[in-house]
Amino acid sequence: MPIANWIDVHSHYFPPMSAEEQREMVDHLRKNCWCIDHFEEWTAEKTLDHMDRLGTQMQMLSFVPNTVEKLRRSNDFGADIVRRHPDRFGLLVGLPSDDPAVCLEEIARSESDLNADGFAMQALYNGVYLSDARLEPVWAELDRRRAVVFFHPNATTSAWDRPGALMEVAFQTAYVIVDMLYAGVFRRHPNISFIIAHCGGALPAISGRLLQMGAMSWVPNPQNITREEISDVLGKFFLDTAATMPTALGAALEMTTADKIVYGSDYGVPCVDEQSIAENIEALLAFRGLTAEQIQAIGRNALDLFPKAAARLSTKSLADAAAG
């Protein structure tokens, strides 16, 4: 697979877990239709080995645990990983979107304590959707900071007696983003850059329907969202390539442009493995709708979103050049 020095925006990590915590994780997934009997421990060393073999220069780490205590411990652990490997990892600070006050505290910590590159939020977190009006102060602060937000669905649920990670994540992504659109979130906070996981889920496939019908008089639309605004919002999203190739990219490129596509692997969670990640890359490299140069650029497009990470890579390159 001819990739080199790609930036992976969609990579999961987990702090060390006790045996009891691992059993709880497995039990939760099994209750949600996952056929799983163990949860593999995440380590930086195993991840770096995977990255070196694949050709990945840097992973942006994300995890959004379901309690405040676990979330803060996870954010601290992620920050420590980045401190130890500044040219290999970046941190997207998890935000608990069922508690706006704690979100604001973690946003404040992101710069003072965590040196974060961006933020990670779940479309559905402890029963609260990202379109919930109570999150307005959070969006306002993220907008003020011109933040990058990685938008990820809740994959641990189930639907139709199948794990949510199989299909439900795609539809959850689409309906929460559409609800945020009609709530005016993107209008009020245009300075937030959103990376939408899994190539936007089902959103690109329904984007034409939204454009044709979304502003018609029979659609409830209290914010008076126009067809032009729908097109503008959809075209500004960044979409990652995780677990979607080759079928999703064609629809994505009808909704947005090639410079808005960023590489993602979904590494670190049990719904993918090294083979599926490799197959996803091979399908991307073979995609006929883009030039070879555009496909290679997908692997580096994220550097424009994460200037601190880009600076760390530049510093490492200069140090290597001086040492050589």
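As a basis for the values below, the full set of heavy atoms in this structure was taken, side chains included, without hydrogen atoms, waters or symmetry mates.
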Practice prompt. Could you tell me whether the side chains of H198 and D240 share a donor-acceptor contact shorter than 3.5 Å?
Written response: no
Worksheet item: Do F119 and F151 have ring centres separated by under 6.0 Å?
Response: no
Worksheet item: Could you walk me through whether D27 and K31 pass the salt bridge (Lys or Arg N to Asp or Glu O under 4.0 Å) check?
Response: CA-CA 6 Å; D27 288 345; K31 288 176 183 177; over 6 Å; no
Response to the item:
Heavy-atom closest pair (L181 atom, I230 atom, distance to 0.1 Å) is CD2-CG1, 3.9 Å
Worksheet item: Is any side-chain N of the basic residue among R145 and E111 closer than 4.0 Å to the acidic one's carboxylate O?
Response: yes
Worksheet item: Looking at CG of L135 and CE of M180, how far apart are the two atoms once the value is rounded to the nearest 0.5 Å?
Response: 8.5 Å
Practice prompt. Flag yes if I3 and F89 sit in one hydrophobic cluster, no otherwise; membership is Ile, Leu, Val, Met, Phe, Trp, Tyr, and two members link when side-chain heavy atoms are under 4.5 Å apart.
Written response: yes
Discussion item. If you count heavy atoms of other groups shown closer than 6.0 angstrom to CD of E254, is the number above 12?
Written reply: no
Item to complete: Look at the aromatic rings of Y267 and H50 and report parallel, tilted or perpendicular, splitting at 30° and 60°.
Response: parallel
Discussion item. D8 vs T56, test: side chain to side chain donor-acceptor pair (under 3.5 Å). Steps then yes/no.
Written reply: CA-CA 7 Å; D8 182 355; T56 307; 5.3 Å; no
Item to complete: Could you tell me whether the side chains of R227 and Q212 share a donor-acceptor contact shorter than 3.5 Å?
Response: no
Discussion item. Is the shortest side-chain heavy-atom distance between L48 and T43 below 4.5 Å?
Written reply: no
Worksheet item: When you check the side-chain N and O atoms of W6 and Q296, is any donor under 3.5 Å from an acceptor?
Response: yes
Fill in: same_hphob_cluster(M255, I298) at 4.5 Å side-chain heavy-atom cutoff
yes
Discussion item. Tell me whether Y182 shares a hydrophobic cluster with I196, the cluster being built from Ile, Leu, Val, Met, Phe, Trp, Tyr side chains joined at under 4.5 Å.
Written reply: yes
Item to complete: Find out if a path of hydrophobic residues (ILVMFWY) with successive side-chain heavy-atom gaps under 4.5 Å connects W160 to V169.
Response: no
Fill in: Closest non-hydrogen atom pair between V219 and M213, with its separation
CG2-O, 3.4 Å
Item to complete: Using a strict cut-off of less than 4.0 Å between a Lys/Arg side-chain nitrogen and an Asp/Glu carboxylate oxygen, indicate whether R109 and D76 qualify as a salt bridge.
Response: yes
Discussion item. F77 vs L61, test: side-chain contact (heavy atoms from CB on, under 4.5 Å). Steps then yes/no.
Written reply: CA-CA 11 Å; F77 178 73; L61 300 173; over 6 Å; no
Item to complete: Calculate, to the nearest 0.5 Å, the distance between atoms CZ and CD belonging to R188 and E136 respectively.
Response: 4.0 Å
Practice prompt. Could you check S276 against D273 for side chain to side chain donor-acceptor pair (under 3.5 Å), going step by step and ending with a plain yes or no?
Written response: CA-CA 5 Å; S276 67; D273 57 22; 3.3 Å; yes
Practice prompt. List the atom of G214, the atom of N221, and the distance in Å for their closest heavy-atom pair.
Written response: O-ND2, 4.3 Å
Item to complete: Using a strict cut-off of less than 4.0 Å between a Lys/Arg side-chain nitrogen and an Asp/Glu carboxylate oxygen, indicate whether R73 and E21 qualify as a salt bridge.
Response: yes
Discussion item. Walk me through whether R30 and I36 qualify under side-chain contact (heavy atoms from CB on, under 4.5 Å).
Written reply: CA-CA 6 Å; R30 289 180 67 87; I36 186 172; 3.9 Å; yes
Discussion item. Strictly below 4.0 Å, N to O, side chains only: are R23 and E20 in salt-bridge contact?
Written reply: no
Discussion item. Using the rule given for side-chain contact (heavy atoms from CB on, under 4.5 Å), can you reason through L313 versus R88, listing the C-alpha separation, both sets of side-chain angles and the distance that settles it, and then say yes or no?
Written reply: CA-CA 8 Å; L313 291 176; R88 303 306 305 274; over 6 Å; no
Worksheet item: Taking atom CG of N191 and atom CG of D143, what is their separation to the nearest 0.5 Å?
Response: 4.0 Å
Practice prompt. Quick one: do Y13 and S74 satisfy side chain to side chain donor-acceptor pair (under 3.5 Å)? Show the steps, please.
Written response: CA-CA 9 Å; Y13 74 108; S74 171; 3.0 Å; yes
Worksheet item: Within a reach of under 6.0 Å around CZ of R84, are more than 12 heavy atoms found that belong to other residues, nucleotides or ligands?
Response: yes
Worksheet item: Can you tell me how far the CD1 atom of I81 sits from the OG1 atom of T47, to the nearest 0.5 Å?
Response: 8.5 Å
Worksheet item: So do the side chains of L203 and L234 get within less than 4.5 Å of each other, counting heavy atoms only?
Response: yes
Worksheet item: Should K46 and E40 count as an ion pair when the cut-off is N to O under 4.0 Å?
Response: yes
Item to complete: Under the salt bridge (Lys or Arg N to Asp or Glu O under 4.0 Å) rule, what do D304 and K260 come out as? Steps first, then yes or no, please.
Response: CA-CA 10 Å; D304 291 335; K260 295 293 195 302; over 6 Å; no
Item to complete: Determine whether the side chains of T157 and N154 contain a donor N or O and an acceptor N or O closer than 3.5 Å.
Response: no
Worksheet item: Is I295 reachable from L239 through a run of hydrophobic residues whose side-chain heavy atoms are each under 4.5 Å from the next?
Response: yes
Discussion item. Which label fits F194 and F186: parallel for a plane angle under 30°, tilted from 30 to 60°, or perpendicular past 60°?
Written reply: perpendicular
Worksheet item: Between F14 and F39, does the ring centre distance come in under 6.0 Å?
Response: yes
Worksheet item: Just wondering, do F63 and N75 contact through their side chains at under 4.5 Å, heavy atoms?
Response: no
Worksheet entry | Separation between CD1 of I225 and CG of L210, rounded to the nearest 0.5 Å | 11.5 Å
Response to the item:
Closest heavy-atom pair, G184 versus Q223, reported as atoms and distance to 0.1 Å, is N-CG, 4.1 Å
Worksheet item: CE of M60 to CD1 of I195: how many Å apart, nearest 0.5 Å?
Response: 8.0 Å
Worksheet item: Looking at D113 and R72, does any basic side-chain N land under 4.0 Å from a carboxylate oxygen?
Response: no
Worksheet, complete the sentence: Shortest non-hydrogen pair, Y263 vs S265, comes out as OH-CB, 3.4 Å
Worksheet item: Salt bridge or not for D117 and R312, using N-O below 4.0 Å?
Response: yes
Worksheet item: Which pair of heavy atoms, one from M245 and one from C199, lies closest together, and at what distance?
Response: CE-SG, 4.3 Å
Worksheet entry | From CA spacing to verdict: side-chain contact (heavy atoms from CB on, under 4.5 Å), R134, V128 | CA-CA 10 Å; R134 289 171 293 178; V128 177; 3.9 Å; yes
